[in-house]
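Ligands are counted one by one from 1 in listed order, and the atoms in each one are counted from 1 as well.
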Amino acid sequence: MKIAIVCYPTFGGSGVVATELGLELARRGHEIHFITYRQPVRLALMNPNLHYHEVHVPEYPLFHYQPYELALSSKLVDMVKLHGIELLHVHYAIPHAYAGYMAKKMLKEQGIRIPMVTTLHGTDITLVGNHPFYKPAVSFSINHSDVVTSVSQSLKDDTYRLFDINREIYVIPNFIEVKEERKDGLPCKRNAIAGDGQRIVTHISNFREVKRIPDVVKIFNEIQKKIPARLMMVGDGPEREPAEKLVEELGISDKVVFFGNSNEINEILCFTDLFLLPSQTESFGLAALEAMALGVPVISTNAGGLPEVNREGISGYLGDVGDVEYMAEKAVYILSDDNRLDTFKRNALENAREFDIQNIMPMYENIYRRALKQQFV
Ligand code: GMT
């Protein structure tokens, strides 16, 4: 199949999922065209089936806001015609499904019919898309997609609850490549980060309010009172600076490292003993799955789709949003005994296998076949 993938090219989860999906589809022989404003961070164009087309938005002083959707839909039209693309797969309703719909309409006028698959990732539904300023456009784009998928059952339920949706939504969970040899094969530089007997706790995110960064710091503060430990804070965003201040106020600066954005996620997770994700909401929690796939247990909240990924008492524990005390207590429970920690590590890896890319990829291929077969407008 010849597929155009539209996504956000940044460190965010939806961009990572879209990129990894495109890479695997290309490995499986499909011709993949990424169409976005910057080359996605995880995209390595080392496969003849992979193509990247940049969307340029010319600056014009009259425009207060540069019209990205317009430029994107025009680019989609041009690329579909030039490369004979058969299907659009847009990640994130805003504004990608909207731009994709416009492209479909323009192509139809030129006698080209092309189906659009829309994948909902969460923030486009639960945080941004639900705002009254966007809601009608988001509902419209979802209802006019040919096939709609969501990354968890929880997100599917939220979409039906928050929007007036008249289409079937298919759940296709996020995925991960579980490599048997990865943990041993990597040069784990544990000693450069922590001394003997110190546990390593990690948090990775875009440091937005929804991640409840102060809770990460507070949970770690409780852990380090009982167990020698260090906290790795990976990522960047508006909550980073306040977190650095909080760490200083708590007098634990010597135990916390702020890495900023990193392309070495696997290297960091390789020496991690416990992952923290106390988010306000999380449609799936890809970062938690990435941790589990490297044998790292997870302490998270039970919000959104997290219970579909992290299993209570097996791969880690889940507390109510804001229940720092419970999450800290369970973190200490896991970290305070070598044998117990090893069991949780093994279970986390075992749990991650369910989401192995090889299990999930056929679901997307089936959805594409369905979209190509059905009568689309
Ligand atoms: O919150 C993030 O980390 C970024 C955000 C995004 O929009 O890319 O992630 C969302 O999509 C990911 C991939 O499907 C999910 O794993 C995240 O749970 C989801 N974030 C939220 O729901 C807050």
Quiz item: Where on Thr281 is there a heavy atom closer than 4.0 Å to ligand 1, on the side chain, on the backbone, on both, or on neither?
Solution: backbone

Quiz item: In terms of the angle between their ring planes, are Phe63 and Tyr60 parallel, tilted or perpendicular, with boundaries placed at 30° and 60°?
Solution: perpendicular

Quiz item: For ligand 1, which atoms, with element, lie under 4.0 Å from some heavy atom of Lys211?
Solution: 1 (O), 2 (C), 3 (O)

Self-check item: Enumerated ligand 1 atoms positioned under 4.0 Å from heavy atoms of Arg208
Solution: 1 (O), 2 (C), 4 (C)

Quiz item: For ligand 1, which atoms sit closer than 4.0 Å to a heavy atom of Leu286?
Solution: 16 (O)

Exercise. Number the atoms of ligand 1 from 1 as they appear, then name those within less than 4.0 Å of a heavy atom of Asn174, with their elements.
Key: 13 (C), 14 (O), 15 (C), 16 (O)

Quiz prompt | Under 4.0 Å to a heavy atom of Val151 - the qualifying atoms of ligand 1, by number | solution = 14 (O)

Quiz item: Under 4.0 Å between a Lys/Arg side-chain N and an Asp/Glu carboxylate O for Glu248 and Lys245?
Solution: no

Exercise. State the atoms of ligand 1, each with its element, that fall below the 4.0 Å cut-off from a heavy-atom position in Gly285.
Key: 15 (C), 16 (O), 17 (C), 18 (O)

Practice problem: Kindly assign one of parallel, tilted or perpendicular to the pair Phe175 and Tyr364, based on the angle between their ring planes and the thresholds 30° and 60°. | Solution: perpendicular

Self-check item: Six-ring centre of Tyr333, Lys330 cation under 6.0 angstrom, axis tolerance 45°
Solution: yes

Exercise. Taking only Lys NZ, Arg NE, NH1 and NH2, and the carboxylate oxygens of Asp or Glu, determine whether Asp146 and Arg370 approach each other closer than 4.0 Å.
Key: no

Self-check item: Contacting atoms of ligand 1, where contact means under 4.0 angstrom from a heavy atom of Ser283
Solution: 15 (C), 17 (C), 18 (O), 19 (C), 21 (C), 22 (O)

